[in-house]
Amino acid sequence: MTGVRLAKPWLDLDEAVIAALPGQLGVYEIADAKGATLELGFAGGRSRFGLRSAIAEAAAKHQAAARFRYEVTMQYWSRFEELLAVYLADHGELPPGNADRGDRRVGRIAATGG
Amino acid sequence: MDFELSPEQKLILETVRRFVREEIEPLEADLDPDASELPPHHRERLVAMTKELGFYGLDIPEEYGGPGIDLVTRTLMAFEMAQHRAGLYAPCYGVFGGAGLAQLYEADDGQKERYLYPVLRGEKRGFFALTEPSGGSDPARAIRTTAVRDGDDWILDGEKTFISGADKADFGIVFARTDPELGRKGITCFLVDTDMPGFRVRRIVHTLRSTHYAAELEFNRVRVPGRNVLGEVNQGFAIANDRLSRNRIPYAAGCVGVALKAQEMAIAYAKTRKTFGDYLSTRQAVQWMIVDNEIDLRTARALTLEAAARADAGKPFRTEAAICKLVASEGASRVVDRAMQIHGGYGMTKDLPLERWYRELRIRRVGEGPNEIQRLIVARDVIGGSFH
């Protein structure tokens, strides 16, 4: 596996922490208290307050959400697709919050021959 | 060259223009500004519409089910289809269908059954792998991926980079060196399935295009059966070269399309935005920007149609394709840049599509052969001889 993981520190899903997040665009990962990923996502160009609002909205969807981490990037779409591909290669399935992709494929990074 | 539109062409273009403005643009208000895909239910609905209109699979040859529309008309349609936010790289979000990989039409019957027809039915996806870390502009010399015969099979070893769609593909068209002594005549084209042992997507390469990315590929003793050689052994360069020239015309047309839309936006804004008590459109500085846009646009449009007309007529069009690609990509970049300047701060925001076109057009000056290579092609044809 050579895909680039989201190697950022985990933060508690706390109102004050979220309120201090940047309004920039980027990607994020929401997890439960044991560290199991619940959803990978991105704050895109239509997000009201960038990562701050996108993470707050995503966390509200998951009752078990306890922590998160993020990365500021303008290439939020391709980085998000990369994170999905890395997760799929590592776990053989997508996080529960990303499972419904319709007929959209997830990329395979180093999934064969590695 | 006479480009007076026929009544049929006028009707087609009016239909496409209405489709873009009434069906595509309204959807973009809710999509992410960098999106290149539609939600599935909208996609299915719009594909059904283009099929009903008889416009689906525009670039598929007629004998394979395409509508049989000539290249000049398809180029005019491409001007229209690009006139929305995602229009440069995802014109109408693909609801007019694609042609797949053009090289597959040269495949033998067995290869068509295994690759071409599944692609046309939407069951398989392929990628085109020519460029390597050693270069992409001079593939005849830069290709270091090797293919060595082993019984009836070939063993491929090497790397490719800047390859689009490889991580989601079922197979690829891969160029490898089969005779190190023969230069461009020592390259062969292979159909490589992505589940063949030894093939792997090493990493994603992020670019200015947020939704589309490239990938780095590795071929580590990939065993490819002899029946997967596309065309003749050592004749792969001709397959690659033909594709590169032909693709430059629609590539240019997309640039013209977004530039037309940027100019329309610039004029509309200049006529409504006031500074110091009068409209921007009354200011000579702005008028000249709009005039320069018009000159760039008309030049690129005419040259792109000229290349398409020569291709339709069966005449050589390599020089014309090179010229239209470089003029359209450079001209459209200037048009969008000026349109951003006229829009001021709003031009820099993701509220408008200009910033996306600005980023994506920068890639167009490198993609499908950098513009320096286009100039080299023209110089070779105009002056003669070979340049090293």
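Below, read A as the first sequence line, B as the second, and so on, with proteins coming before strands; counting in each chain starts at 1. As the structure is a computational prediction, the values presented were derived from the model and not from experiment.
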### Query
Within 45 degrees of the axis of the six-membered ring of B:Y115 and under 6.0 Å from its centre: does B:K124 put its NZ or CZ there?
yes

### Query
Is NZ or CZ of A:R79 both nearer than 6.0 Å to the six-membered ring centre of B:Y213 and within 45° of the ring axis?
no

### Message
side-chain contact (heavy atoms from CB on, under 4.5 Å), that's the test. Do B:D157 and B:F219 meet it? Break it down for me.
### Response
CA-CA 5 Å; B:D157 280 289; B:F219 301 84; 5.8 Å; no

### Query
Counting only heavy atoms not in A:D12, do more than 12 sit closer than 6.0 Å to its CG atom?
no

### Task
For the residue pair A:K8 and A:E29, establish whether any side-chain heavy-atom pair is separated by less than 4.5 Å.
no

### Message
Taking OH in B:Y358 as the centre, count heavy atoms belonging to other residues, nucleotides or ligands within less than 6.0 Å. Is the count above 12?
### Response
no

#### Entry: Salt bridge present between B:E37 and B:R43 (N-O < 4.0 angstrom)
no

## Note on the structure
Cut-off 4.5 Å, heavy atoms of chain A, and the answer for B:E216 is neither

#### Entry: Heavy-atom pair count under 4.5 Å with chain A, highest-scoring of B:A169, B:A215, B:P39
B:A169

#### Entry: Any side-chain heavy-atom pair of B:V201 and A:R108 under 4.5 Å
no

### Residues of residues 27-36 of chain B within contact distance of chain A, non-hydrogen under 4.5 Å
B:E28, B:A29, B:D30, B:L31, B:D32, B:P33, B:D34, B:A35

### Interface residues of residues 36-56 of chain A facing chain B - non-hydrogen atoms under 4.5 Å apart
A:F42, A:G44, A:G45, A:R46

### Query
Is there a side-chain contact between A:T73 and B:H206, using heavy atoms and a 4.5 Å cut-off?
no

### Contacting region of B:T207 [heavy-atom separation from chain A under 4.5 Å]
backbone

### Query
Under 6.0 Å from the CZ atom of B:R359, do we count more than 12 heavy atoms belonging to anything else shown?
yes

### Task
Select, from B:R209, B:K350, B:H212, B:K168, the one with the greatest count of heavy-atom pairs under 4.5 Å involving chain A.
B:K168

### Under 4.5 Å from any heavy atom of chain A - which part of B:L208
backbone

### Query
Less than 4.0 Å between a side-chain N and a carboxylate O, is that true for B:E25 and B:K261?
yes

### Query
Are A:L6 and A:Y70 close enough that some pair of their side-chain heavy atoms sits under 4.5 Å apart?
no

